[in-house]
Amino acid sequence: MPGDASSSDAVGGDGPARRALVLVENLSVPFDRRVWQECTTLRDAGWTVDVICPLGSKRDTEREVVIDGVRIHRYPLHAATGGPAGYLREYGSALWHTARLAHKVGPVDVVHACNPPDLLFLPALWLKRRGARFVFDQHDLVPELYLSRFDRGEDLLYRAVCALERLTYRAADVVLATNESYRDVALRRGGKRPEDVFVVRSAPDTDRFQPVPPEPELKRGKPHLLCYLGVMGPQDGVDYALRSLAKLRDEFGRTDWHAVFVGGGDTFDAMVELSGRLGLSEQVQFTGRVPDADLARYLSTADVCLSPDPRNPLNDVSTMNKVLEYMVMGRPMVSFDLREARVSAGDAAVYAPANDESGFAGLIAQLLDDPEKRAWMGKLGQERVNGPLSWRNSQRALLAAYAAACGDRAPVAAGRRKRAGRRPLR
């Protein structure tokens, strides 16, 4: 891996500030926490940062806004419905708005495109032809996401998303991988050189996530609180968690718990319905998305947190944000045995055999009966998040990646803006 880079390296020493344009399609900013941390890291290193992303539904609703020195340009976007045709409409609209707003932003030194989908290489190529360098921030392995989400096998659409991934790798000057598994894919499947792939791990904001005093009333009269935090999509395993809770009740005779599921997503309504069919409505609460203050209350009160992502082609090699957020709040967790879950959580989690709901339930029961182990696991998780998994390490990798992308080139954006200001003599 390349070495460290200071902020002066990243902006070209004492020369003019460089300009970065960050492209996001699947979340608004600053709601996308990883992207927001990257933006503020670049800002602090002296970069001028613009972001193009969709409008949020309940937050991030301004079309254009400057937040903490980062200018954000947002566009309306309707999430895909109705199968492949819905995705074509969504992605076509996103690409059109992204190109329109990129033209408005003007010349940049780096275009930083975040997937999914693997389509933002198209506006990135347009900007590359105007002198920008392309940093590909690979949040997800889209071929694995396709296999895990849609259960259609390696059909024509799967081959299409593989082709788009190859084109994105080919266009990128530098790749940001969220973990070593993703880095290996960039090297092996993407054909990238080792010196062009940087591991920039996602990490919770330890200033934003701080434990607060527990509130026993959140347990709804039960001795214990179980908590799930995260997206509720087809591949996220909320159904596994609910079936495990039913087994905790039926196979282990445990009703001394209340569970809260925090978050939203495509399967939210289906999960509420499944909870009812399993007879869990009295013990399981669905909050939807909640403000940060309420999230801190639930996590600080939880005795055990749930990370039920089943093993599939995507989850086994992905780093789950919820795992890191449980750890920063000092919560022990139960997870299925996934490769990257072990890398992130280590002994801060206990691991059931992959997709084994009875095993998952049994580990919950064991932790509920062992408060000393829970405390030890929670402390260990906090130490890992504040040590080897901290955002400080990711900041250094991010700035090193930008320095490698830019090399010793003079700032393109500043030079073009200066030339653009000159008027021909008449």
Side-chain angles (χ1 to χ4, degrees), residues 147-149 151 219-220 222-263 265 267-268 270-286 298-299 302-318 320 322-323 326-327 331-374 376-378 381:
L147 291 175
S148 302
R149 184 180 178 94
D151 194 28
K219 299 184 179 185
R220 300 281 181 92
K222 299 290 187 177
H224 303 294
L225 180 67
L226 310 177
C227 187
Y228 171 89
L229 162 65
V231 176
M232 298 185 190
Q235 72 277 10
D236 294 306
V238 177
D239 53 336
Y240 283 81
L242 291 170
R243 290 190 294 266
S244 296
L245 294 182
K247 291 179 183 296
L248 180 62
R249 176 196 62 200
D250 299 336
E251 295 182 9
F252 295 88
R254 300 296 293 262
T255 58
D256 56 343
W257 50 269
H258 176 69
V260 60
F261 284 70
V262 180
T267 64
F268 179 88
M271 294 302 100
V272 174
E273 181 183 355
L274 176 60
S275 176
R277 291 203 309 270
L278 293 170
L280 293 171
S281 298
E282 295 300 316
Q283 282 190 265
V284 173
Q285 172 188 1
F286 290 86
Y298 285 119
L299 289 178
D303 297 286
V304 175
C305 287
L306 310 178
S307 184
D309 308 85
R311 180 182 290 169
N312 59 37
L314 178 69
N315 291 346
D316 196 41
V317 296
S318 296
M320 306 302 173
K322 59 177 164 288
V323 167
Y326 296 157
M327 292 164 67
R331 300 298 94 188
M333 74 194 85
V334 179
S335 171
F336 288 123
D337 195 356
L338 306 179
R339 185 195 319 177
E340 284 295 333
R342 283 190 176 273
V343 170
S344 297
D347 289 335
V350 290
Y351 302 93
N355 307 354
D356 181 346
E357 295 163 359
S358 292
F360 197 94
L363 290 176
I364 296 173
Q366 290 178 25
L367 285 182
L368 293 181
D369 290 335
D370 196 341
E372 291 184 1
K373 184 174 183 178
R374 296 201 308 266
W376 174 78
M377 292 170 63

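Side-chain contact between M271 and L242 is present, with at least one heavy-atom pair separated by less than 4.5 Å. The side-chain heavy atoms of Y228 and D236, taken from C-beta on, include a pair separated by under 4.5 Å. The shortest side-chain heavy-atom distance between M333 and V304 does not fall under the 4.5 Å cut-off. Here the side chains of V284 and W257 are in contact, with some heavy-atom distance below 4.5 Å. Side-chain contact between P332 and R374 is present, with at least one heavy-atom pair separated by less than 4.5 Å. Side-chain atoms of S275 and F286, non-hydrogen and from C-beta on, do get closer than 4.5 Å to each other.
Nearest heavy-atom pair, D316 versus L338, reported as atom, atom and distance to 0.1 Å: OD1-CA, 3.4 Å. Here the shortest heavy-atom pairing between Y326 and C227 reads OH-O, 3.7 Å. In plain terms, the two heavy atoms of S358 and E251 that are nearest each other are OG-OE1, 3.0 Å. In terms of heavy atoms, P310 sits closest to N315 at O-ND2, 2.8 Å. Here the shortest heavy-atom pairing between A365 and R254 reads O-NH1, 3.7 Å. Residue V350 comes nearest to M377 through the heavy atom pair N-CE, 3.8 Å, listed as atom of the first residue, atom of the second, then distance.
Remark: the backbone N or O of M232 is paired with a side-chain donor or acceptor of T267 at under 3.5 angstrom. N312 places no side-chain N or O within donor-acceptor distance of the main-chain N or O of S148, the cut-off being under 3.5 Å. Looking at R243, its side chain never comes within 3.5 Å of a backbone N or O of E357 through a donor-acceptor pair. Panel note: side chain R342, backbone D337; no donor-acceptor pair is recorded below 3.5 Å.
Here M327 contributes atom CE and S307 contributes atom OG; the two are 11.0 Å apart, rounded to the nearest 0.5 Å. From D303, atom CG reaches atom NZ of K222 across 13.5 Å, with rounding to the nearest 0.5 Å. Here the straight-line distance linking atom CG of D356 with atom OH of Y240 works out to 10.5 Å at 0.5 Å rounding. Here the CG-CD distance, from L248 to Q283, works out to 8.5 Å after rounding to the nearest 0.5 Å.
Residue H258 forms a side-chain hydrogen bond (donor to acceptor under 3.5 Å, both in side chains) with just one option from Q285, H224, K219, E282, and that option is Q285. A side-chain contact (heavy atoms from CB on, under 4.5 Å) with F261 is found for one member of L229, L226, V272, L245 and no other, namely L245.
Listed by chain and residue number, F336 satisfy the ring pair (Phe, Tyr, Trp, His ring centres under 6.0 Å) test with F360 (two or more places apart in sequence, or in another chain).
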So R249 and L280, side-chain contact (heavy atoms from CB on, under 4.5 Å) or not? Walk me through it. CA-CA 9 Å; R249 176 196 62 200; L280 293 171; 3.7 Å; yes

Using the side-chain contact (heavy atoms from CB on, under 4.5 Å) rule, take D309 and K322 through it: C-alpha gap first, then chi angles, then the decisive distance, then the call. CA-CA 10 Å; D309 308 85; K322 59 177 164 288; 3.1 Å; yes

Are L363 and L367 close enough, and set up right, to give a side-chain contact (heavy atoms from CB on, under 4.5 Å), and what steps lead you there? CA-CA 6 Å; L363 290 176; L367 285 182; 5.8 Å; no

